[in-house]
Participant: 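Shown below is the structure under consideration.
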Amino acid sequence: MPMSSAFKDRLFPALKSIVEHYGTPFHIYDEIGIRETGRSLKHAFSELPGFREFFAVKALPNPRILEIMQDMGFGFDCSSITELLLSRRIGAKPEDIMFTSNNTSREEFLCADAAGGCILNLDDITLLPKVPRLPELICFRYNPGPRRTGNDIIGNPVDAKYGVSHDQILDAYRQAREMGARRFGLHTMLASNELNYAYMVQTAEMLLSLIEWLHSEIDIVFEFINIGGGLGIPYRPEEPRLDLAAMAGGIRAALDRFTAGNNYAPQLYMESGRYMSGPHGVLVTTAINRKNIYRKYIGVDACMSALMRPGMYDAYHHIDVLDKDEAAGTEIVDVVGSLCENNDKFAVERPLPSIDEGDILVIHDTGAHGHAMGFNYNGKLRPQELLLKADGTVERIRRAETPADYFATLDFTPDIFKP
Ligand SMILES: *Cc1c(COP(=O)(O)O)cnc(C)c1O
């Protein structure tokens, strides 16, 4: 099952009362599960000195979640002003923040430099002279272009807008050094939801051979390589998990070979979002309508504003109906929201236990890129977020949006200008 049986055992017996207390819809996140995944990640890479995860804030940008990541020793991967502010709000220090922006604006550079700065990961060689104050430590995001193929979700590197091309990477570091950079890192991000560990090992090998070459050309030493995020989770019950131990073993072997040839080893960084929090969140929603036309539709009280992935990527999210199981028979239904968009569906032609109005549906794997991706199209509002804490209590960690939030950007001092 995508959602672990342990999470189910913690949540399902209490779910009716949680629904009664808070009302639906809501995302609820499992602190114990997040901490277990964090521990297993640290354990897998424990033999690599300096290994660090920078949690990709965009996956689940909630301060209470970021505090859990911080408590586990993780840093934060940010790519916007708001994400920088969120990380600093919970006390992240300059060395805890990796700023990986794309098409970066001056305002973003200024914010990255504020409050003592952060680790700056530059997306292009032309950005160097635009950095208001170049820090001592500089990292570039590398795009291997035709030298690597990506996966279905993120696409091929040649088509990607991200990163510095192979032909420019040497000049990028040379220029950075001429401009005063003294410490260096190298970053890439090539895969999304990748379940094949070997791909991630190849990414580390690619970065290691690149820093070996860069060192031979311009004699710079790299403090770290950052293999990005993109570690996958099984959304479908029959999918195998990513083999984290094999991935760690492969990267360790590559680092050992590198150390033998170069007499030093860079630290390994990664910036997983989905892998850390994805399976540890669910969207809980109530069936409010049933409709039989050419297909059978179950209308629920959440919509795309709470979870875009099915509509945007055709993504599969497993669904449980509380207190009903498939042994009693199933029917084929579409589970839909209320948006005026026909892709506002959480499931399409899915066999599910027969659902009645009032039933509670649990949509799995919404702990990453779930609430965070929601939007206000059609005037739809984003739901509340809850945290199921390690002590068994539940805390509301974000309230639901209200019409007043929607109207907040319409209420301002008039500004009329005659050009
Ligand atoms: C989105 C993103 C991540 C996190 O991706 P996941 O698939 O959630 O692991 C990490 N780094 C960068 C630069 C990203 O854009």
Side-chain angles (χ1 to χ4, degrees), residues 2 29 34 37-38 40-41 44-45 52-62 65-66 69 74-84 86-87 96-104 108 112 118-124 127 139-144 148 150-155 157 159-164 185-197 199-200 203-204 207 224-235 239 241-242 244 247 268-281 307-309 312-313 315 317 365-373:
Y29 311 115
I34 292 172
T37 295
S40 70
L41 193 70
F45 293 95
R52 199 169 190 204
E53 150 80 355
F54 290 76
F55 177 66
V57 173
K58 77 169 188 268
L60 186 45
N62 188 297
I65 301 293
L66 300 187
M69 302 297 173
F74 297 161
F76 302 105
D77 174 55
C78 301
S79 54
S80 67
I81 288 174
T82 322
E83 290 178 355
L84 285 167
L86 268 173
S87 303
D96 300 330
I97 300 174
M98 173 89 59
F99 186 61
T100 298
S101 60
N102 167 257
N103 182 25
T104 316
E108 286 172 320
C118 59
I119 306 174
L120 200 55
N121 185 21
L122 293 177
D123 189 69
D124 192 50
L127 294 175
C139 181
F140 283 101
R141 178 175 184 159
Y142 173 63
N143 180 334
R148 279 305 282 289
N151 67 12
D152 289 348
I153 299 161
I154 206 164
D159 302 319
K161 67 171 180 163
Y162 308 109
V164 181
L186 174 64
H187 169 275
T188 200
M189 163 93 190
L190 300 180
S192 182
N193 199 31
E194 180 61 62
L195 288 164
N196 176 10
Y197 78 88
Y199 190 90
M200 307 310 292
T203 294
L207 293 180
F224 66 84
I225 57 166
N226 182 344
I227 59 172
L231 274 62
I233 59 168
Y235 284 92
E239 272 174 326
R241 296 178 177 284
L242 175 85
L244 195 64
M247 175 180 156
L268 178 75
Y269 291 172
M270 68 171 65
E271 45 193 38
S272 287
R274 187 188 321 268
Y275 190 82
M276 272 309 306
S277 62
H280 308 305
L307 179 67
M308 300 283 289
R309 298 188 71 261
M312 215 165 143
Y313 307 123
H317 280 260
D365 301 311
T366 68
H369 313 298
H371 187 284
M373 265 193 184

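Atoms within each ligand, like the ligands themselves, are counted from 1 in listed order. When reading the values below, keep in mind they use all heavy atoms of this one structure, side chains included, and skip hydrogens, waters and symmetry mates.
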Participant: Checking a contact table here: which protein heavy atom is nearest atom 1 (C) of ligand 1, and how many Å away?
Facilitator: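 Looking at atom 1 (C) of ligand 1, the protein heavy atom closest to it is Lys58 NZ, 1.3 Å.
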Participant: For the 3.5 Å polar cut-off, considering only N or O atoms, please tell me whether Asn193 and ligand 1 meet it.
Facilitator: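 Among all N and O atoms of Asn193, none is under 3.5 Å from an N or O of ligand 1.
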Participant: Heavy atoms only: which of Met189, His187, Arg141 is nearest to atom 5 (O) of ligand 1?
Facilitator: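 Closest candidate by heavy-atom distance is Met189.
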Participant: Looking only at distances, can you tell me whether any N or O atom of Gly273, backbone or side chain, sits closer than 3.5 Å to an N or O atom of ligand 1?
Facilitator: yes
Participant: Can you confirm if the aromatic rings of Tyr269 and Phe224 lie within a centre distance of less than 6.0 Å?
Facilitator: yes
Participant: Nearest 0.5 angstrom please: Leu120 CG to Phe140 CZ, how far?
Facilitator: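 So the gap between those two atoms works out to 9.0 Å.
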Participant: Between Asp124 and Lys161, is the closest basic N to carboxylate O distance under 4.0 Å?
Facilitator: no
Participant: Treating Thr37 as the side-chain partner and Ile34 as the backbone partner, does any N or O pair qualify as donor plus acceptor under 3.5 Å?
Facilitator: no
Participant: Please verify whether a non-hydrogen atom of Ser272 lies at under 4.0 Å from ligand 1.
Facilitator: yes
Participant: First locate atom CD1 of Ile65, then atom NE2 of His280, and finally report the distance between them rounded to the nearest 0.5 Å.
Facilitator: 10.5 Å
Participant: Quick check: do Tyr162 and Arg141 have side-chain heavy atoms less than 4.5 Å from each other?
Facilitator: yes
Participant: Gly230: heavy atom below 4.0 Å from ligand 1, yes or no?
Facilitator: yes
Participant: With atoms numbered from 1 as shown, which atoms in ligand 1 lie under 4.0 angstrom from a non-hydrogen atom of His369?
Facilitator: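 Under 4.0 Å from His369, ligand 1 has these atoms: 6 (P), 8 (O).
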Participant: Among protein heavy atoms, which lies nearest atom 4 (C) of ligand 1, and at what distance?
Facilitator: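 Protein heavy atom with the smallest distance to atom 4 (C) of ligand 1: Ala56 CB, 3.4 Å.
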Participant: Within the 4.0 Å heavy-atom shell around Arg274, which atoms of ligand 1 are there?
Facilitator: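 Under 4.0 Å from Arg274, ligand 1 has these atoms: 6 (P), 7 (O), 8 (O), 9 (O).
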Participant: Is Arg309 close enough and on-axis enough to Tyr235, meaning under 6.0 Å and within 45°, for cation-pi?
Facilitator: yes
Participant: Is the cationic atom of Arg148 (NZ for Lys, CZ for Arg) positioned less than 6.0 Å from the six-membered ring centroid of Tyr199 and within 45 degrees of its normal?
Facilitator: yes
Participant: Can you find a non-hydrogen atom of Met276 under 4.0 Å from ligand 1?
Facilitator: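 Met276: no contact with ligand 1 (<4.0 Å).
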Participant: Check this for me - ligand 1, Ser192, N or O atoms closer than 3.5 angstrom, yes or no?
Facilitator: no
Participant: Roughly how far, to the nearest 0.5 Å, is CG of Leu84 from OG of Ser79?
Facilitator: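 That separation rounds to 8.5 Å.
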Participant: Enumerate the atoms of ligand 1 whose separation from the nearest heavy atom of Thr100 is less than 4.0 angstrom.
Facilitator: 13 (C)
Participant: Starting from atom 11 (N) of ligand 1, what is the nearest protein heavy atom, named by residue and atom, and what distance separates them?
Facilitator: Glu271 OE2, 2.7 Å
